[in-house]
Amino acid sequence: MQSNRVDAATEIDYKAPDTSDTRGRHRISAELKRLEQEARFLEEELEELEKTEKVSTALQELLLQVENRRDPLLPETTGPANPSWDCWFEGPQNMQGCRCWIL
Amino acid sequence: MSFPELKERHVAATAKVNSLREQLKQRRHQLLDTDVAKYAKSQGRTAVNFSSTDLVCSRTLQGHTGKVYSLDWTPEKNRIVSASQDGRLIIWNALTSQKTHAIKLPCAWVMTCAFAPNGNSVACGGLDSACSIFNLNSQVDRDGNIPVSRVLTGHKGYVSSCQYVPGQDTRLITSSGDQTCVLWDVTTGQRISIFGGEFPSGHTSDVLSVSINTSNSNMFVSGSCDATARLWDARIASRAIRTYHGHQGDVNAVKFFPDGQRFGTGSDDGTCMLFDMRTGHQLQVYSQQLDNSDQDAPIVTSIAFSISGRLLFAGYSNGDCYVWDTLLAEVVLNLGKLQTSHEGRISCLGLSDDGSALCTGSWDKNLKIWAFGGHRKVI
């Protein structure tokens, strides 16, 4: 029958996809584009890394920056101290009644 | 191209990407000639010396009836907004401990909240996949609730984190379970830019946290379940500027270092890290050695830096809140082991604008304010 001959022809040319990978052509094509773009980004990053200095280069600056900034939470810090840092240990400044709703 | 040829090219492209990633990893390793702690020790630095009574819990903010999930301070004015499993936002005057507003949310499953720079609005988001904005000066409705003034819709997954762009009350960045971050115009409710999603350099799993650079508010970092942090330029949505590898688990928290040149991360793998934004270098790992190596390390839920960057506060799933000396990579205090500590996991942390106080939020339903109450030596 006609349809059997058509079916037979289709069967010869068609290679069934791997049973382990039944994703469509379009999806694989889109993934391929993404992978190719990612490879380009990674190559750019590798090139940039060739011109990047070692970790130790920036650390002296880090130390100086951190140690020269005033920090109210440290036991020892550069000055001047700000009196408002101790507001958490003074009495409440605003005695307005609590306006929360019943929860 | 035939289907088999397409599949061959796909296999080859995958191999090429893996090989490039490996080359990058090795090249980075070669550049790691030291870390912050080794360098600081070689320069004669010693760890910050806290006595156990130096950092004191000076306020306990009680009022939520469920776990606290998120908190944010206003710039100046010492007000805090907190979000809880009880489906409410509470606005607190941190100095007086009093609640100025309690907002019952349309969707109770809130995960994050943020204060607008001018202190007049708050934003929150969660499992409703939207970010809701409330104007604190609005007239309340007949139930006594502040109505929603704007809903930012468009995310296809939960909103995990939100932050207003510093100095801009009309711009907000959100991170989401849909693998993207979005920059919003709050006035119109429109998405200005979408970061990630279909692009190859976007996150490949849920994005859990976001932090905007206060020195250059065009730059922000995001942390994700794909175990990476990524740096974005808000003006360039098409690709991440840089991807930072190193963690072995979800990156739950990201926070810029005060100088804006570095940022910290906290992860499910139990460690925090400090990265150099520009070079991509991993500058330091903050990791506690466990006595019993069979134990799973508690996960890091949240992080914050003190205003100089000398201290890294890290909240953990077991209720610990380590205070790390960032330069020496040593734990100098554990706020989770003090008498006044929380009774549950610390889920969120934040520093006040002037750096004088740390607020912690916990699954024990409370928030606590910590400040330096010891003898301060000023040089």
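Keep in mind that what you see is a predicted model, and the values were worked out from it rather than measured.
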Among B/Gln30, B/Gln282, B/Met1, B/Lys104, which residue has the highest count of heavy-atom pairs closer than 4.5 Å to chain A? B/Met1
Identify which part of B/Leu55 has an atom lying under 4.5 Å from any heavy atom of chain A, answering side chain, backbone, both or neither. side chain
Under a 4.5 Å heavy-atom cut-off, does chain B meet the side chain of A/Asp86, its backbone, both or neither? side chain
Please flag which part of B/Ser42 lies under 4.5 Å from any non-hydrogen atom of chain A: side chain, backbone, both or neither. neither
Relative to chain A, which segment of B/Arg28 carries a heavy atom at a distance below 4.5 Å: side chain, backbone, both, or neither? both
Should the pair A/Glu43-B/Lys16 be classified as a salt bridge under the 4.0 Å nitrogen-to-oxygen rule? yes
Between A/Gln60 and chain B, which part of the residue has a heavy atom less than 4.5 Å away: side chain, backbone, both or neither? both
Tell me which of these, A/Thr52, A/Thr78, A/Leu46, has more heavy-atom pairs under 4.5 Å with chain B than the rest. A/Leu46
Of B/Ala94, B/Gly280, B/Ser352, the largest count of non-hydrogen pairs under 4.5 angstrom with chain A goes to B/Ala94
At a 4.5 Å cut-off on heavy atoms, which part of A/Glu47 comes close to chain B: side chain, backbone, both, or neither? neither
CG/A/Leu62 to CG/B/Asp276 distance, rounded to the nearest 0.5 angstrom? 9.0 Å
Say whether, by atom type as modelled, one donor and one acceptor occur between the side chain of B/His281 and the main chain of A/Ser56 under 3.5 angstrom. no
Taking every heavy-atom pair that is under 4.5 Å apart, which of B/Leu283, B/Leu311, B/Ile91 has the most such pairs with chain A? B/Leu311
May I ask you to decide whether A/Glu50 forms a salt bridge with B/Arg27, counting only side-chain N to carboxylate O separations under 4.0 Å? yes
Rounded distance (nearest 0.5 Å) linking atom CZ of A/Arg25 with atom CG of B/Leu6: 5.5 Å
Contact class of A/Glu48 relative to chain B, heavy atoms under 4.5 angstrom: side chain
